[in-house]
Structure formats: structure tokens, C-alpha cells
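Everything on this sheet refers to the single structure shown next.
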Amino acid sequence: MAQNFDLIVIGAGPGGYVAAIRAAQLGLKVACVEREHLGGICLNWGCLPTKAMLRSSEVFHLMHRAKEFGLSATGIDYDLDAVVKRSRGVAKQLAGGIGHLFKKNKVTTIMGEAKVTAKGKVSVKTDKGTEELTAKNIVLATGARARNLPGLEADGERVWSYKHALVPPHMPKKLLVIGSGAIGIEFASFYNTLGAETTVVEVMDRILPVEDEEISKFAKKQFEKQKMKIMEKAVVKSLDRQKAKVIATIEVGGKAEKHEFDTVISAVGIVGNVEGLGLEELGVKIDRTHVLTDEYCRTGVEGLYAIGDIAGAPWLAHKASHEGVMVAELIAGMHPHPVKPESIAGCTYCHPQVASVGLTEAKAKAAGHDIKVGRFPFIGNGKAIALGEPEGIVKTIFDKKTGELLGAHMIGAEVTELIQGYIIGRQLETTEEDLAHTVFPHPTLSEMMHESVLDADGRAIHF
Ligand SMILES: Cc1cc2nc3c(=O)[nH]c(=O)nc-3n(C[C@H](O)[C@H](O)[C@H](O)COP(=O)(O)OP(=O)(O)OC[C@H]3O[C@@H](n4cnc5c(N)ncnc54)[C@H](O)[C@@H]3O)c2cc1C
């Protein structure tokens, strides 16, 4: 006989597990079905293991700078296996934590592959056979996987996806990273810092193409200082895979060039896990590889919702989780606000870090805003100097008439932690005046957030 629940969540990533826990907190009887690992891509193969690896490369980089800080460090080296072991340990610890949270909140965990067989019906293939489940509400949170472009497919040997790059079979000497979004740039930063001669190829006219143009240019300069090679408006046409090397044909300015590498990381985007779920049969609308939903994550099929990566951009864990909470509350009969995509910050944990929220300067202008822009460089901030991190910029964009904070864009040390100040500001519909009157603690990097606001009015103090 089928087990009945109030809610079945398919997928236990940051979208699914958060939706399941929130629904259980609200008194619903919840099952969460997961085919591979609690925590999804984020905890197992995404956000957290990459940050653990990047932390190792950051410490390595700082050790090389020991003398600057009056310290000495000799024989500085790394053990790639140990770096990976630490990263896998972090992933394991965090994924294990989800199991405990499910138990604590009385969420039923079912390990297996789920398929929606009809409205309110889910069939799960487990190790022991097939389990039938029913529920009035089903949340699809099946996430996404790496996009494979024809000819550039990952093979795990010379050409890696993000999964291979997290458990590398060897340390690259000459590395090609295809794609300069957050994932590509984070791996480029990690391997370049550990000594791989790294080239990044980006098809668009600048790296980190979703960021403000000024930030992309600043990032490029910083990466080039670190000896990374950046090729923009360039297309990898083919990869000739040989035993110990790969010859890449790269088209730049209409000319095809051949470059030799020993390793390639393909970071050309992701595709939603929409297959095998029975969605076509149910009449769910799919745009390329993503489920189409309304602002409340409703698919148009009664009682069926889609959240997180399967529901489209931005492909970020915090967007997935926030949608999870919103949908759980909706199902429980509450009246949550829909998630505002324009208030979701993007962070890239390369060196230096990049973080942004809201409109870029170009988008603000294109949207018809008459804008005011403030900028403040890290070199004007006491804490940045004391930390030995004088490279960076904080840029703020305001609507000239209303003073609304339209966007904030940062590059430099710890900006991924700082950005939340502006996110709260935007959530509370803060104006330039409110931010200017706010007292920021000294000495902190956050003072630059204040100075950038003041600069929009030509009244920054320290620069
Ligand atoms: C290398 C890398 C670094 C990243 N870094 C960041 C970062 O720093 N910050 C950030 O915000 N985002 C980051 N992301 C993106 C982030 O990981 C995703 O946005 C997030 O994991 C999406 O959550 P989700 O719940 O939608 O899906 P997922 O985390 O993908 O989880 C979906 C789950 O569903 C399961 N599943 C799929 N189909 C079925 C089925 N039929 N039956 C049962 N289970 C199924 C899968 O096994 C998976 O566990 C990164 C991604 C990568 C690849």
C-alpha cells in the first residue's frame, strides 16, 4: 500500500532539504526522496567542498607572503591529496548534518530515484524495490548537472567537469578553464594559486560576464597580475585529446590558434535535471532544461512545485533554499512573499573575491534610471591596509531621484561576507541618505561600504 504524506520533496539539496524541514516545522507530514546524497550538489560537489579547497589555496598564498607580515615560512609546499581529503571531509560532515536535521524534524528520508507517476503520486526505486508514495503536494528540487558541449565533454582524465576538479587525478601543470562564470573562475583561482599555468577562455567580451563591467575589468587585471592568462571573445572549437596532453583549437578574433594543455576544466554552465521525472506526461512546461514556474514556484499542475536549480536562474544555493521556505509556507497555508530574483546576491570566492547584488551600471541605465555612482578603493581603507589586502573596490549605484540603492558591486578581500549589508539595505528599501547616516564600526572593511555611498554624493572622506 502507498505511504501517504502531506508533502513529498524530490531531491535533498539546499532547495529540497530546506523545504522539507520548514514544512515539517509547520506540522506537515513530509517525505524527502534523494537518489544519491543528502545535501545535494551544494554540500557534496559544489559550494562547500570548493570553498574548502579555496581556503587551502588562500592559506598557501598567505604563507608565501609570510615575510610581508614579519614572519618566516620555509619549505612551503602542498599535498594535493591532503587538500582534497580535507575538502571531502568538510562535504561529508555537512551532508551528515542533514540526516540529523531530518531526524530531529521527523522528515522521512527515502533513498532512491523518484518519478511522479500522476498528480499526487510518486514512485521511488530503492535498493529494495519500488515504493509508492502519495501526497497532496509535491516539490521538485532535483537540481542540475554540468553542461556538456559537443566535443568538449568531460572524460575525467584530461578533461574535467567540476566533480573531477574536486577530486583531481593529478595536479595540472598547464590548465585550460573553459568558461569564466563563478565555477570556472573559482577553479582557475585555486589551481593557479597552487602553481598551475592557467588560461581562462571566455566567449563573451569579458570574464565574469554577469558582473558589472568595471568589476570584470578589475578582476581581469588582478588575475593577470597573478600570471593567469585571460582570453576573452574566444571560443574553444575543439579538443584533441592525446595520452598526456590536449591540443585545444581556440578561435580568437576570427583566427584559429592551437594551444597545448595537460588538463582542461569545462565550466560552460549547467542543465536542469528534468529527465525521467514524468514531467512531460503531466503537462509540466519545460523551457530547454528548466521547469517553468510562476513567482510562487507553481508549475501549473495542481499541487506540483519546482524550486532551486531545476526552476532556472540564478543557479545559487541561497535562492534554492529561500524558494524552499517560501513553498513550504505556501503549502502550509501561510502567505509568504515570492522570492525577488533581483535581491539575490552572487558571490565568487576567487582571489580577490567578487560579490554583487541588484543592477549593474549598464542594466540600471538600460532600465531607464537616472543614476548616481559611488566608488571606494580598498587602498583608502585602514583595515584593508592592516590586513595587507589593498586591492579592491566597492561600487554603489543609486537612483538619482529617489536615492534607492539599485545595485552594489564589490571586489576584494572578504566582500562575500560584506555584501549582506547591502542586501539587507535593499530588502528594507534603504535609500542613499539612510546608508549615509549609518555609523559603521572602525576599523572594518565595511567602512568602505559607507564611503562608497558617500562618494556617490562626492563626500567620501578617506579618498
Ligand atoms: C562547483 C560548484 C560550486 C558552487 N558554488 C556555489 C556557491 O558558492 N554558492 C552558491 O550559492 N551556489 C553554488 N553552486 C550552485 C549550487 O550548488 C546550486 O545552486 C544548488 O546546489 C542548487 O540546489 P538544489 O536544491 O536546487 O539542487 P541540488 O543541490 O543539485 O540537489 C538536487 C538533489 O536532487 C537529487 N535528485 C535528482 N533527481 C532525483 C530523482 N529523480 N530522485 C531523487 N533524487 C533526485 C540529486 O541527487 C541532488 O542531491 C555551486 C555549484 C557548483 C557545481
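Small disclaimer: the values here were computed from a predicted structure and weren't measured. Index from 1, following the sequence. Remember, it's 1-based here, ligands and their atoms both numbered in the order they're listed.
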Would you say ligand 1 has an N or O under 3.5 Å from any N or O of W315? yes
Give a yes/no on ligand 1: does Y349 have at least one heavy atom closer than 4.0 angstrom to it? yes
Is there a donor in the side chain of S238 and an acceptor in the side chain of T249, or the other way round, less than 3.5 Å apart? yes
Report yes if some N/O of L316 lies less than 3.5 Å from some N/O of ligand 1; otherwise report no. yes
Contact check: F187 vs ligand 1, nitrogen or oxygen atoms, below 3.5 angstrom: no
With a cut-off of 4.0 Å, which atoms of ligand 1 are near a heavy atom of G13? 25 (O), 29 (O), 31 (O)
Minimal heavy-atom distance between P49 and G46, with the atoms involved, is CD-O, 3.5 Å
Judged by atom type as modelled, is there a donor-acceptor pair below 3.5 Å linking the side chain of T360 to the main-chain atoms of E211? no
heavy-atom search around atom 36 (N) of ligand 1 in the protein gives R35 NE, 3.7 Å
Return yes or no for this condition: an N or O of C347 is under 3.5 Å from an N or O of ligand 1. no
What atoms in ligand 1 come closer than 4.0 Å to a heavy atom of A141? 32 (C), 33 (C), 34 (O)
For G184 versus V177, what's the shortest heavy-atom pair and its separation? O-CG1, 3.5 Å
With no hydrogens and no angle check, do the side chains of Q3 and E132 hold a donor and an acceptor under 3.5 Å apart? no
If you count the atoms of ligand 1 from 1 in the order shown, which ones are under 4.0 Å from a heavy atom of W45? 1 (C), 53 (C)
Give a yes/no verdict on a cation-pi contact between R88 and W45, requiring under 6.0 Å between NZ or CZ and the six-membered ring centre and an angle within 45° of the axis. yes
Hey, is the main chain of R426 close enough, under 3.5 Å, to the side chain of T430 for a donor-acceptor pair? no
Atom 11 (O) of ligand 1 has as its nearest protein heavy atom A317 N, 2.8 Å
Among all protein heavy atoms, pick the one closest to atom 29 (O) of ligand 1 and tell me residue, atom and distance. I41 N, 2.9 Å
Ignoring hydrogens, just give me the one of V122, I183, L38 whose non-hydrogen atom is nearest atom 52 (C) of ligand 1. I183
So which heavy atom in the protein is nearest atom 18 (C) of ligand 1, and how far is it from that ligand atom? D309 OD2, 3.2 Å
So is I10 polar-close to ligand 1, meaning N/O to N/O under 3.5 Å? no
Would you check the N or O atoms of E34, main chain and side chain alike, for any that come under 3.5 Å of an N or O of ligand 1? yes
G40: numbered ligand 1 atoms lying under 4.0 Å from its heavy atoms: 29 (O), 31 (O), 48 (C), 49 (O)
Minimum heavy-atom distance A196-P172, with the two atoms named: CB-O, 3.3 Å
Are any side-chain N or O atoms of K217 and backbone N or O atoms of E213, one a donor and one an acceptor, separated by less than 3.5 Å? no
Just heavy atoms, cut-off under 4.0 Å: does A182 contact ligand 1 by side chain, backbone, both, or neither? neither
Do T416 and Q353 have side-chain N/O donor and acceptor atoms under 3.5 Å apart? yes
Can you confirm, on distance only, whether ligand 1 has an N/O atom lying under 3.5 Å from any N/O atom belonging to K51? yes
How far is atom 14 (N) of ligand 1 from the closest protein heavy atom, and which atom is that? C47 SG, 3.8 Å
Heavy atom of G112, distance to ligand 1 below 4.0 Å: yes
Would one find an N or O of G39, backbone or side chain, under 3.5 Å from an N or O of ligand 1? no
Per-atom contacts of ligand 1 with E113, taking only distances under 4.0 Å to non-hydrogen atoms: 41 (N), 42 (N)
Ring-plane angle category for Y78 and F60, please: parallel below 30°, perpendicular beyond 60°, tilted otherwise. perpendicular
Need the ligand 1 atom indices (1-based, order shown) with element for anything under 4.0 Å from a heavy-atom of L277. 41 (N)
How far is atom 2 (C) of ligand 1 from its nearest protein heavy atom, and which residue and atom is that? G46 CA, 3.4 Å
Would you please classify the geometry between the W160 ring and the H170 ring as parallel, tilted or perpendicular, with 30° and 60° separating the classes? tilted
When distances are taken from atom 41 (N) of ligand 1, the protein heavy atom at minimum range is A114 O, 3.1 Å
Report the C-alpha distance between K383 and E447 in whole Å, list the side-chain angles of each, state the deciding distance to 0.1 Å, and finish with yes or no for salt bridge (charged side-chain N to carboxylate O under 4.0 Å, His left out). CA-CA 9 Å; K383 180 76 181 286; E447 287 172 285; over 6 Å; no
If we only count N/O pairs under 3.5 Å, is H318 in contact with ligand 1? yes
I'd like to check which ligand 1 atoms, numbered from 1 as shown, lie under 4.0 Å from a non-hydrogen atom of V33. 43 (C), 44 (N)
Interatomic spacing from CZ in R86 to CZ in R55 - rounded to 0.5 Å: 7.5 Å
Any chance you could lay out the salt bridge (charged side-chain N to carboxylate O under 4.0 Å, His left out) test for D212 and K395, step after step, and finish with the verdict? CA-CA 9 Å; D212 188 274; K395 175 172 176 178; 2.8 Å; yes
Just need the protein heavy atom nearest to atom 25 (O) of ligand 1, so name the residue and atom and give the distance. G15 N, 2.9 Å
Can you measure from CG (L208) to NZ (K220) and round to the nearest 0.5 angstrom? 12.0 Å
Polar contacts were defined as any N/O atom of the residue lying under 3.5 Å from an N/O atom of the ligand; does this apply to T50 and ligand 1? no
